[in-house]
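All ligand and atom numbering here is 1-based and tracks the order in the structure.
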Amino acid sequence: MIETQGPFWLQQALEREQPAPATALAADIEADICIVGGGYTGLWSAIRLKQAEPALNIVVLERELCGSGASGRNGGCLLTWSTKYPSLRRRFGSREAARLVRASEQAVLDIRDFCEQHNIDAELRIDGACYTATNDAQCGVMAPLVARLERESLNSWSALSEAELQTRTGSEAHLEGHFSPFAGSVQPALLVRGLRRVALTLGIQIFEHSPMTALHRGKPSRIDTADGSVTAGKVILALNAWTPSLFREFDRHLVLVSSDMAITRPVPAELRRLGLDHGAAVVDGRTFVHYYRTTPDGRLMLGKGGNLFAFGNRVIEAFDQPSRYRPMLKAALQRFFPDLKTEIAATWTGPSDRSASGLPFFGRLEGDGDIYYGMGYSGNGVVQSLLGARILTSLVLGRDDDWARCGLARGPQERFPPEPVRWLGAMTVRNAIRRKENAEDRGETPFIWDRWLARFADAAGKADKG
Ligand SMILES: Cc1cc2nc3c(=O)[nH]c(=O)nc-3n(C[C@H](O)[C@H](O)[C@H](O)COP(=O)(O)OP(=O)(O)OC[C@H]3O[C@@H](n4cnc5c(N)ncnc54)[C@H](O)[C@@H]3O)c2cc1C
């Protein structure tokens, strides 16, 4: 079978929708706010700003099509920050950490409500998530977190019995698991294309095939494209993985790493047989997790983070091609579902913007101009980008509220080493994690050196898909 080219979800979304045609910028125009990047962060920000102040003239500039970046090609797992609570608490204190966890849970429901209100059929299913262990070394890892969340009256996770674990995951590969109802899955590209439609309806101007070629900082600032420019009082850079190559000041704050995905042909009867007739996300206990979910038309999608690291944070071509880790994805599918009768219909990949803390950060660029930014979702951005848009909206409108004062709005706080140390370090840690986790799968004790190296990645928090 011939694999489709390009990210599967975006192709599917473009085939299904009758989009307002993409327009490229071909004039010198003015705006109150120019947002660069047409993914979730850019579009949610545009929509929230417009809803807050309908008179604002807002322009979005997108390099290719809205959804060409991570937002149109991710796993579509709607997950919250509850598993990041310890990391949030360490950095921002218990009150703010609790607020962010609760806001992320509410955001799952807010995205559902927004889709309903605006007739976005993004195949969104709030059917929960299972975090599991697939070998003895992963067992017990969730328990201290759940106990902690319980003490803070924040816990949405419950331990699954053996029978429940089997029903919810459809696989005998899991040894233990916890379930939270504040999660689910979505067809990610249908969501981002739906946001585009709503933004256009609200009167936001969107120019696609219009990459920013230069940013002239000032009051106002000017953004150049090949055939035009936008002069705007305020600018939001919602460029995700593309940020460090365009703004070197962010180079030490991100590492670009692939998440690799495979999706099967539709086999609805097979999935029903396994009990997988729901949209829950299943995430295992590896450092760079395996994660899977089904689609309403009976496909199974499986992803695995932490494979291809980009030297110098360049968005290389390999990020826009079928996954070079297809054999690894196929082996994982076989391990989880040895009896599943289907084939892989497509593989793809994409760059995740992993920050040193495993958390996104937002802020205002130093120097001239009112220029704001947000990035670093670290593989957890489908739900979190709505919260990112709340932060950016408050910053841009100069509000003095919880979102403008949020700990995540203080810019990047932690950094990676410079190249070539960063890339060499990333490869060393990645390979150590692979050896360690393979040994654990075999029930063997990993080398002490590999265990020590793996702790460098664990420091940023588990359950990241990048
Ligand atoms: C393969 C993969 C799987 C993932 N799986 C999950 C998951 O299951 N669950 C989850 O929560 N998160 C997941 N994530 C993370 C999530 O997809 C992202 O955090 C989220 O989409 C970020 O949205 P964004 O708008 O900030 O970035 P993007 O969607 O990447 O948007 C940035 C946009 O900027 C545009 N751009 C770049 N350069 C320019 C320029 N010069 N001028 C104009 N525009 C430009 C790009 O084309 C792009 O559209 C995954 C990420 C990847 C890559």
Side-chain angles (χ1 to χ4, degrees), residues 7-10 25 34-46 59-81 104 107-108 111 129 183-186 188-189 191-192 195-196 206-215 223-226 230 236-247 256-262 281 283 289 291-293 301-308 315 319-320 323 347-355 360 362 373-386 388-389 392 463-466:
F8 175 87
W9 302 125
L10 185 60
L25 182 66
C34 179
I35 297 175
V36 194
Y40 299 141
T41 302
L43 292 172
W44 278 124
S45 300
V59 168
V60 175
L61 291 179
E62 163 55 42
R63 177 187 61 103
E64 274 183 21
L65 293 174
C66 291
S68 293
S71 301
R73 65 177 69 211
N74 61 71
C77 298
L78 295 157
L79 301 169
T80 69
W81 273 330
S104 70
V108 174
I111 294 173
S185 55
V186 66
L191 176 60
V192 69
L195 296 181
R196 172 189 185 270
I206 300 180
F207 297 100
E208 293 168 289
H209 303 298
S210 303
M212 171 180 74
T213 53
L215 169 64
I223 298 103
D224 293 342
T225 65
V230 185
I236 296 179
L237 303 172
L239 291 159
N240 186 28
W242 284 264
T243 321
S245 48
L246 294 166
F247 297 91
L256 300 194
V257 54
S258 72
S259 212
D260 291 81
M261 338 279 294
V283 182
V289 295
Y291 53 107
Y292 65 80
R293 39 72 58 101
M301 186 224 80
L302 179 138
K304 168 97 174 81
N307 297 313
L308 179 67
V315 184
F319 284 134
D320 203 23
S323 169
T347 67
W348 69 96
T349 185
S352 249
D353 50 339
R354 194 181 172 93
S355 70
F362 304 84
Y373 59 81
M375 69 198 85
Y377 294 100
S378 304
N380 276 72
V382 179
V383 172
Q384 291 74 3
S385 51
L386 174 58
L392 288 166
D464 293 338
K465 284 160 300 312

Problem - Criterion side chain to side chain contact (heavy atoms under 4.5 Å, CB included) on Ser68 and Leu10, from CA distance to verdict - result: CA-CA 7 Å; Ser68 293; Leu10 185 60; 4.2 Å; yes

> Distance only, no hydrogens: is a donor on one side chain within 3.5 Å (strictly under) of an acceptor on the other, for Thr349 and Asp260?
Replying inline: yes

inquiry  = Taking only non-hydrogen atoms of Leu246, do any sit less than 4.0 angstrom from ligand 1?
reply    = yes

With heavy atoms and a 4.0 Å threshold, my read on which part of Ala238 contacts ligand 1 is backbone

Q.
For the backbone of Val186 and the side chain of Arg293, can you confirm whether one donor and one acceptor N or O come within less than 3.5 Å of each other?
A. yes

Review point. Hey, does Pro351 sit under 4.0 Å from ligand 1 if you only count heavy atoms?
Key: yes

Next item on the list: May I ask whether Gly76 places a heavy atom under 4.0 Å from ligand 1?
Entry: yes

Notebook entry, point to check: Going by the angle between their ring planes, with limits at 30° and 60°, are Trp348 and Trp9 parallel, tilted or perpendicular?
Noted result: perpendicular

Do Val36 and Ile236 pass the side chain to side chain contact (heavy atoms under 4.5 Å, CB included) test, and can you show the C-alpha distance, the side-chain angles, and the key distance before you say yes or no? CA-CA 6 Å; Val36 194; Ile236 296 179; over 6 Å; no

**Prompt:** Should Leu79 be counted as touching ligand 1, given the test is an N or O pair under 3.5 Å?
**Reply:** no

Note: heavy atom closest to atom 17 (O) of ligand 1, options Leu239, Leu43, Asn74, Val36, belongs to Asn74

If we number the atoms of ligand 1 from 1 as shown, the ones under 4.0 Å from a heavy atom of Gly69 are 29 (O), 30 (O), 48 (C), 49 (O)

Among Gly381, Ala214, Gly42, Ser245, the residue with a heavy atom nearest to atom 11 (O) of ligand 1 is Gly381

* Are any of the N or O atoms of Glu62 closer than 3.5 Å to those of ligand 1? -> yes

Geometry only, no angles: is Pro211 polar-contacting ligand 1 at N/O separations under 3.5 Å?
no

Between Gly381 and Tyr40, the two heavy atoms sitting closest are O-CD1, 4.2 Å

Near Asn380 (heavy-atom distance under 4.0 Å), the atoms of ligand 1 are 10 (C), 11 (O), 12 (N)

Closest non-hydrogen contact found for Ala238 with Ile35 is CB-CG2, 4.4 Å

Going by the 4.0 angstrom heavy-atom rule, the piece of Ala70 near ligand 1 is both

So the atoms of ligand 1 within less than 4.0 Å of a heavy atom of Val382 turn out to be 9 (N), 10 (C), 11 (O), 12 (N)

In short, Thr41 meets Ser385 closest at the heavy-atom pair OG1-CB, 3.8 Å

Out of Arg63, Gln384, Met375, Arg73, the nearest non-hydrogen contact to atom 45 (C) of ligand 1 is supplied by Arg63

Residues 65-78 vs salt bridge (charged side-chain N to carboxylate O under 4.0 Å, His left out), sequence neighbours excluded, gives Arg73-Asp320

The option among Gly376, Cys66, Ala183, Gly379 carrying the non-hydrogen atom nearest to atom 12 (N) of ligand 1 is Gly379

The answer for which part of Leu61 has a heavy atom under 4.0 Å from ligand 1 is backbone

Counting from 1 in the order shown, the ligand 1 atoms closer than 4.0 Å to a non-hydrogen atom of Gly75 are 3 (C), 4 (C), 5 (N), 6 (C), 7 (C), 8 (O)

Please check whether Leu65 reaches ligand 1 - meaning an N/O of the residue sits under 3.5 Å from an N/O of the ligand, judged on distance alone.
no

Within the 4.0 Å heavy-atom cut-off, what Trp348 brings close to ligand 1 is neither

Gly350 heavy atoms within 4.0 Å reach ligand 1 at atoms 1 (C), 53 (C)

In terms of heavy-atom contacts, Ser355 and Gly376 come closest through OG-O, 3.7 Å

What one should report as the nearest heavy-atom pair of Ser258 and Asn307 is OG-CB, 3.4 Å

Would you say Glu64 and ligand 1 have an N/O pair spaced under 3.5 Å apart?
no

Under 4.0 Å between heavy atoms, the region of Tyr40 that gets near ligand 1 turns out to be both

### Min N/O separation Thr41 to ligand 1 under 3.5 Å
yes

Here the gap from Gln384 atom CD to Trp44 atom CH2, rounded to the nearest 0.5 Å, amounts to 12.5 Å

Applying side chain to side chain donor-acceptor pair (under 3.5 Å) to Ser104 and not counting sequence neighbours gives none

Ligand 1 atoms nearer than 4.0 angstrom to some heavy atom of Cys77 are 7 (C), 8 (O), 9 (N), 10 (C), 11 (O)

- Query: Does ligand 1 have an atom that lies less than 4.0 angstrom from a heavy atom of Ser352?
  - Reply: yes

- Look at Arg196 together with Glu208 and state whether they make a salt bridge at an N to O cut-off of under 4.0 Å. yes

What one should report as the nearest heavy-atom pair of Pro7 and Gly72 is CB-O, 4.2 Å

